[in-house]
Amino acid sequence: MNYKTIVIDPGHGGTDHGTSHGSIREKDLVLDISLKLRQELLKNGYFVVMTRNKDIRIIPAVRSGIIKNSGGAICISNHINAGGGRGAEIIQSIHSNGRLAAILLEKIVETGMRRRRIYSRESARFPGEDYYYVIRDSKPVETFIVEYGFLDSKEDRQRLVQEGFRLELAKAVSRGIDLYLKDMSVVIVDLDGQSKPFPGEKKQLISGRWYLEARTFTEMAGGRVIWDSQKQKAVFDFSGK
Ligand SMILES: [Zn+2]
């Protein structure tokens with residue numbers, strides 16, 4: 001699992017149009033935002049896995065399976081809302097630490113879209129699990145459902161139908177992901193009091209938590225790792241100084 005791979009899930013597709021307003025269909029808008037987001041992420045050096053890159057229907061098990069097996073740490077599931085509200089909202093896992101969703105919504109609001117809310121929903125059928133299958137069944141990848149706006153809100157719709165605005169939304173999400181991953185710098189202070197940044201490629205984001213490579217951490221901090229092959233045990237020794 002690695003944080004350089006981002007999964008993009010354009011909601012709906014094929015015979016599943018999602019919500020619609022006249023000839024404007026959610027499945028088309030979110031595919032377009034997703035393809036633009038893919039471009040932005042590739043430009044920033046990320047790898048991208050997509051659940052669909054054309055107008056096809058995918059059953060839930062396939063969708064969540066692609067995300068789950070992507071090798072990535074984060075999935076952005078793109079949607080457009082309906083039902084009488086206005087603005088952007090993000091649904092995060094009930095297990096999420098809340099940081100990425102906060103940054104993403106911040107960046108989306110900077111495009112001019114109204115802030116609605118960030119929330120999570122627990123399943124009644126599976127207590128302790130998420131209500132939305134795309135979040136629940138794609139673990140350990142952390143999936144965020146991004147609802148960019150309401151198609152039945154005139155203000156939102158006028159923005160969402162503009163290709164240039166959809167590009168702004170894609171850029172906003174890409175920037176948000178980049179900020180979240182790059183700003184989480186880890187500094188190691190060694191036994192001499194020297195501080196050095198922990199190398200990005202030696203840390204991994206798994207289900208919203210950062211994990212550092214133990215050997216790199218220990219050696220940077222001035223210790224050493226001793227592997228006892230007989231006992232199949234590693235000892236982290238910081239007594240050397
Ligand atoms: Zn949707």
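For clarity, every value in this text was computed on a predicted model and none was experimentally measured. Both ligands and their constituent atoms are indexed starting at 1 by order of listing.
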Tested for salt bridge (Lys or Arg N to Asp or Glu O under 4.0 Å) against E40, the lone hit among R38, K43, K36 is K43
Distance filter under 2.8 Å, centred on the Zn ion (ligand 1) - protein N, O or S atoms that pass it:
H12 NE2, E26 OE2, H79 ND1
Pair R115 + E89: basic N to acidic O under 4.0 Å:
no
Only one of S93, S123, S138 passes side chain to side chain donor-acceptor pair (under 3.5 Å) with D130, and that residue is S93
Any side-chain heavy atom of M50 sitting closer than 4.5 Å to one from V7?
no
Between E155 and R159, is the closest basic N to carboxylate O distance under 4.0 Å?
no
Indicate yes or no for a side-chain donor-acceptor contact from D9 to the backbone of G11 under 3.5 Å, with no hydrogens or angles considered.
no
